[in-house]
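Take a look at the structure set out below.
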Amino acid sequence: MDRPHSHTYFKKAQALMPGGVNSPVRAFKAVGDEPIVVTRAKGDRLYDADGNRYIDYCMSWGPMILGHGQISVLNEIRKAIRGGTSFGTLCPNEVRLAGLITEAYPSIEQVRMVSSGTEATMSAVRVARAYTGRDKIVKFEGGYHGHSDQFLIKAGSGLTTLGTPSSPGVPAAFAATTLTLPYNDSAAARKLIAEQGREIAALIVEPVAGNIGTVLPDKGFLETLRELTAKNGIVLIFDEVITGFRLSLSGAQGYFKIKPDMTTLGKIIGGGLPVGAYGGRKDIMELVSPEGPVYQAGTLSGNPVAMAAGIATLREIGSNRQFYEDIEKKTRHLVYGLNDAAKLAGKRLTINTIASMYTPFFTATPVRDLASAMTSDTKQYARFFHLMFEKGVYLPPSQFEAHFVSMAHTVRDIDRTIHYAYEAFRKL
Ligand SMILES: *Cc1c(COP(=O)(O)O)cnc(C)c1O
């Protein structure tokens, strides 16, 4: 496919911005293609600068659960904009969104809005450190919690793809306070906490890992983490930036029925605008300034337009009793189809899926942690990505990402995707 307009923009972008992008995986380095420049999106489709259209399974990396350009969301954004775009004061939309979040998440008694998932996780850890008076934190290998210094230790996604275990620029002293564990390894967690539990402020986990591709928690894993942290006075933080409002209205914690002490949210709660949030038990959250001494602020935090997009998205989800059933049905249809197509074509894949997220790993090994995810044949994924791309299907441009199905995905487009996947598998 010829994409002269995308090519021209990308060339200019490369001169003006590092790698030509404002977030690394967008540069397509992991799949060896040149990125498209998208000018418009609607429903389950992206449209590039050359007028090509693509069925989208990246969905802006997670926020667009209703699909692109969903009409009620656009209307609420328009309505909000008519009133002005930023006040720098408390506004009604903040109160509304905070109400919707705390109502859906019984574990979140109080919430603070920020502008990204990165800010949410970094602030949550600061509060947990203040609350416990301890410095160390625990995260899991391949777990991605945004790009703040303390989390760039064995982080997933772009970092896994690029093969950088951590990043230069992170002081060794910061890195030393972050302990890492293999995902799904309850015994390792038990051992580490037995040894260092008294020095650990927080344990942060993606209840379903999404940044090494979709990886589900083994039965009992999250329960073990809950038990160990409670016993040792460690703040359990569920990073639900992806899973919040994705797995269920009450996220992964509702899905698995586990109550964390703190939760971080992002992506879906902004409905496609920049919003993050962190919250949790009141006795922890009341440490946050100005109620308490832990400083955290933001010029555009609680922005009225961004809040409106989030409110409209959550209301749209909440107004449909069948929402999660329907979107899971679509996803299952796609994943069964992909599995069948792979079998017919004689390809061995491991497709992990839950609710409306999935990842086809190009490995026959079950994928349950970073090490097993890394057994994937990334060259095959790149070839698969390319073949699908040429047919007008836009998959995340890296093996180690979650693929997302939205409410706007049509059965026709999903069937078409399965058909193209079959053709692609046969060519691999
Ligand atoms: C995307 C993501 C983040 C970071 O959110 P940004 O809005 O990109 O800063 C944090 N945690 C998880 C689990 C994520 O998927």
Side-chain angles (χ1 to χ4, degrees), residues 21-26 58-65 112-126 128 137-161 167 178 180 183 202-217 222 225 236-247 251-253 255 260 262-279 296 298 300-303 306-307 309-310 313 352 354-359 370 373 396-398 400-404:
V21 291
N22 282 312
S23 198
V25 191
R26 293 181 196 170
C58 191
M59 299 312 285
S60 189
W61 308 92
M64 314 313 292
I65 193 167
R112 167 63 62 88
M113 303 295 172
V114 290
S115 300
S116 67
T118 293
E119 272 183 272
T121 53
M122 139 186 133
S123 312
V125 162
R126 182 180 304 142
I137 60 166
V138 178
K139 73 178 281 290
F140 291 91
E141 293 168 12
Y144 181 68
H145 307 291
H147 63 82
S148 85
D149 287 347
Q150 58 206 341
F151 296 126
L152 291 182
I153 323 290
K154 293 190 181 168
S157 193
L159 298 153
T160 301
T161 302
S167 167
T178 302
T180 60
Y183 191 76
L203 182 147
I204 186 165
V205 62
E206 292 174 75
V208 168
N211 287 287
I212 45 175
T214 305
V215 177
L216 276 60
L222 298 173
L225 299 181
L236 177 64
I237 307 173
F238 271 12
D239 183 352
E240 297 227 40
V241 171
I242 287 180
T243 53
F245 296 97
R246 167 71 60 185
L247 260 57
Q253 52 196 270
Y255 193 99
M262 295 187 82
T263 302
T264 54
L265 295 166
K267 298 191 171 123
I268 290 172
I269 61 160
L273 267 70
V275 181
Y278 65 99
Q296 187 274 308
L300 292 176
S301 294
N303 174 271
M307 295 291 106
T313 300
N352 285 354
I354 184 166
S356 53
M357 56 196 279
Y358 72 97
T359 300
L370 178 61
S398 156
F400 305 109
E401 296 290 347
H403 300 220
F404 295 107

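In each ligand, atom 1 is the first atom listed, and ligand 1 is the first ligand listed.
The ligand atoms of ligand 1 that sit less than 4.0 angstrom from a heavy atom of G117 are 4 (C), 5 (O), 6 (P), 7 (O), 9 (O). Atoms of ligand 1 found under 4.0 Å from any heavy atom of D239, numbered from 1 in the order shown, are 10 (C), 11 (N), 12 (C), 13 (C). Taking a cut-off of under 4.0 Å to the non-hydrogen atoms of I242, the atoms of ligand 1 that pass are 15 (O). Heavy-atom contacts of S116 reach the following atoms of ligand 1: 7 (O), 9 (O) (cutoff under 4.0 Å).
Taking all heavy atoms of Y144, F238, W61 into account, the minimum distance to atom 13 (C) of ligand 1 is reached by Y144.
Here the OG-CE distance, from S116 to M122, works out to 7.5 Å after rounding to the nearest 0.5 Å.
Residue, atom and distance of the protein heavy atom nearest to atom 4 (C) of ligand 1 are T118 N, 3.6 Å.
Distances between N or O atoms of E206 and those of ligand 1 include no value under 3.5 Å. Among the atoms of T121, none of the N or O lies under 3.5 angstrom from an N or O of ligand 1.
Using a 4.0 Å heavy-atom cutoff, K267 is listed among the residues neighbouring ligand 1.
Considering every non-hydrogen atom in both E206 and Y183, the closest pair reads O-OH, 3.3 Å. Summarising the geometry of T359 relative to E401, their closest heavy-atom pair is OG1-O, 2.8 Å, with the distance given to 0.1 Å. Nearest heavy-atom pair, A402 versus T214, reported as atom, atom and distance to 0.1 Å: CB-OG1, 3.6 Å. When all heavy atoms of D149 and I153 are compared, the pair lying nearest together is O-CD1, 4.3 Å. Scanning both residues, M113 and G302, for their nearest heavy atoms gives CB-N, 4.0 Å.
Under the 30°/60° scheme for interplanar angles, the aromatic rings of Y358 and H403 are found to be tilted.
Within the 4.0 Å cut-off (strictly below), no protein heavy atom is located near atom 8 (O) of ligand 1.
Using a 4.0 Å cut-off between heavy atoms, N211 contacts ligand 1 through its side chain alone, with no backbone atom that close. Only the side chain of V241 comes within 4.0 Å of ligand 1, counting heavy atoms alone; its backbone N, CA, C and O stay farther away.
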Checklist entry - Run the side-chain hydrogen bond (donor to acceptor under 3.5 Å, both in side chains) check on R112 and Q296 step by step: do they pass? => result CA-CA 9 Å; R112 167 63 62 88; Q296 187 274 308; 3.1 Å; yes
